[in-house]
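Within every chain, numbering begins at 1; the chains are lettered A, B, ... in the order of the sequence lines, protein sequences first and strands thereafter.
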Amino acid sequence: MGLSLYNSLTRRKEEFKPLKKGKVGIYVCGPTVYGETHLGHAKSYVSFDVLIRYLRYIGYDVTYVQNITDVGHLLGDAQEGQDRMMVAAAREHKHPMAIAEYYTRNYFRDMDRLNCVRPDISPRATGHIVEQIEMVKTLLEKGFAYEANGSVYFDVSKFRDYGKLSSRNTEEMLAGVRVEVSQDKRNPVDFALWKKAEPNHIMQWPSPWGMGFPGWHLECSVMAMKYLGKTIDIHGGGLDNKFPHHECEIAQSEAANGVQFVRYWVHNNMVTVDGQKMSRSLNNFINLKQAFSGTHERLTRYYEPLAIRQLVLNSHYRSPLDFSDAALFGAQSGYNRITETVQAVRKRMAQAERGELAPKTGEQLKHLREKFEAAMNDDLNTSIALAVLFDLVRLANKLLEDNKTTMETLNAVEILFSRLGGDVLGIVQDEYPQLEHADNESIGKLVDIVIEQRNEARKDRNFTKADNLRGRLEDIGIVLEDKPDGTQWRWKG
RNA sequence: GGCGGCGUAGCCAAGUGGAUUAAGGCGACGGUUUGCAAAACCGUUAUUCGUCGGUUCGAAUCCGACCGCCGCCUCCA
């Protein structure tokens, strides 16, 4: 029983079978690089990251393409609306390409912190203007598009399957049209492939139809096709992009190529903050840097990137996820528990006695791995997968209570933590920074001096002094823990 | 207005016709351990799944109405 995925196109779970045996080509809609990354990005990209990681875990050779949208997309079909790249450029007094560059790097850095694997290819829309123009020409030649006043539109009436992804028909769409329709369109539902640029538009390119810029949907079709072929295995994106973006991608790609564009459409759900849509006007718009540092009035503390990642994995990718301080707090506590257990296992491995892997433990571990894989195979049920990891935590802690647990047994536990919690879920790290050296070596040495003093006091049964020292360290955020093998310290979580 | 989805304990969240005690995490409470803590381990914490009806031998799971929320229909992931 292999992986099955919910395919938005067929509206049911299907067993995943790639076009080419052993290989998977996947395209995920990337960010428009004009502003800070936020919690919505975290949910979206962590979800797809786990898909990529799991495909690799079960042995596929994955090519992961995720675009960077660095073309501002002025005026959609209406006569209003602003090009976000241009707005950001004006706001920051920079060239749009400087904005794109800055926020692209920023995006990668934040995704790195969330432990998302980088795409194999991160194509930029502006780097593929030539290919986009070629595709528009093809669509014109095949009669699926028409030119009007320097712009080119896709003629939706020529593509019968339009609406198959989002289950809409054109009559319904017409009824729902509320914005003023461009005069150039033959039909209100037609969409722009190429837009004529006004002279003051900063980002524009020469084309057979004059100076202009590509329509929004075009870049994804072109870049997916260029790097993954005319038919790709998986296309991922946010539910909000199902219509019109993905519907239009299908139309133009299948019209141009005459073959199916995407075999499995995977859409992830949206986030809310404190139960409401995240928006600047509600003052609940939290960007990742604010979450990582705790500098937002809705947050009582900072949250580690991997704790945020864990909260994302706590729910299913197709369910909406509500971020709240309480939910984040819970995720941070759970993350701490996993982290501490993993570290304890690794530490004990260095000193444990050699011997056989305990058969009973071996059986338990085998069972956990099977349960984990079954959950992931069922449309990536990370919620259950995470529950398995907590089962492993409990098992590991029990083994740690027994001094006779062998190194081989601990090693088997560690492997499961690393493969399932690390390789697949991305919340267990290969190495954790050593606290003693994290900030400043001197701090570690100072704390050691205090610990020494306190332990002398304890030996003298002067607990007032001992508790005083511990309390004062806690006041500055350092927690002492008396373990069987000595006193440990850590920063307060 | 049209289309789609959701509503499970104090909080987050699986499960979506019948084994099930309705996973797991957080929090809270009790116990073991500890000089006291912390951490860890053990136990308790939803006779009930938004509300009201219906279908069925049987529903959190299917149908209808209502209430609340979310998404798309306007280039937000």
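Atom CD of A:Gln310 and atom C1' of B:C12 are 11 Å apart (whole Å). Residue A:Arg309 contributes atom CZ, which lies 18 Å from atom C1' of B:C12 at whole-angstrom precision. Protein atom CG of A:Leu380 is 12 Å distant from nucleotide atom P of B:G15, rounded to whole Å.
Among the protein residues, A:Leu480 comes within range of the nucleic acid bases, having at least one heavy atom under 4.0 Å from a base atom. Nucleic acid contact for A:His245: none, since no nucleic acid atom lies under 4.0 Å from a heavy atom of the residue. As judged by a 4.0 angstrom heavy-atom cut-off over every strand, A:Phe390 is placed among residues touching the sugar-phosphate backbone only. Base contact: A:Gly40 has a heavy atom under 4.0 Å from a base atom. As judged by a 4.0 angstrom heavy-atom cut-off over every strand, A:Lys277 is placed among the base-contacting residues. Nucleic acid contact for A:Thr37: none, since no nucleic acid atom lies under 4.0 Å from a heavy atom of the residue. Among the atoms of the strands shown, only primed sugar atoms or phosphate atoms (P, OP1, OP2) are found under 4.0 Å from some heavy atom of A:Asn241. Using a 4.0 Å heavy-atom distance criterion, A:Arg348 is classed as making no nucleic acid contact. No contact: A:Val388 has no heavy atom under 4.0 Å from any strand.
Applying the 3.5 Å distance criterion, the base of B:C36 shares a donor-acceptor pair with the side chain of A:Arg470. A donor-acceptor contact under 3.5 Å is formed by the side chain of A:Ser383 with the base of B:A23. Residue-to-nucleotide contacts include no donor-acceptor pair under 3.5 Å from the side chain of A:Arg318 to the base of B:G71. With hydrogens and angles left out, the side chain of A:Asp467 and the base of B:G35 share a donor-acceptor pair within 3.5 Å. One cannot find a donor-acceptor pair under 3.5 Å joining the base of B:C12 and the side-chain atoms of A:Asp325. Side chain A:Arg458 to base B:G35: a donor-acceptor pair is found below 3.5 Å.
Both distances falling under 3.5 Å, in either a Watson-Crick or a G-U wobble arrangement, occur for no nucleotide opposite B:C36. B:C57 and B:G18 make up a base pair, with Watson-Crick or G-U wobble contacts both under 3.5 Å. Across all strands shown, B:C42 is found opposite B:G30 as a Watson-Crick or G-U wobble partner, with both distances under 3.5 Å. For B:C52, the paired base is B:G64 (Watson-Crick or G-U wobble, both distances below 3.5 Å).
Counted within 6.0 Å of CZ on A:Arg461, heavy atoms from surrounding residues, nucleotides or ligands total 12 or fewer; the atom is thus considered open.
Note on A:Arg337: a side-chain N or O is less than 4.0 Å away from OP1 or OP2 of B:C41.
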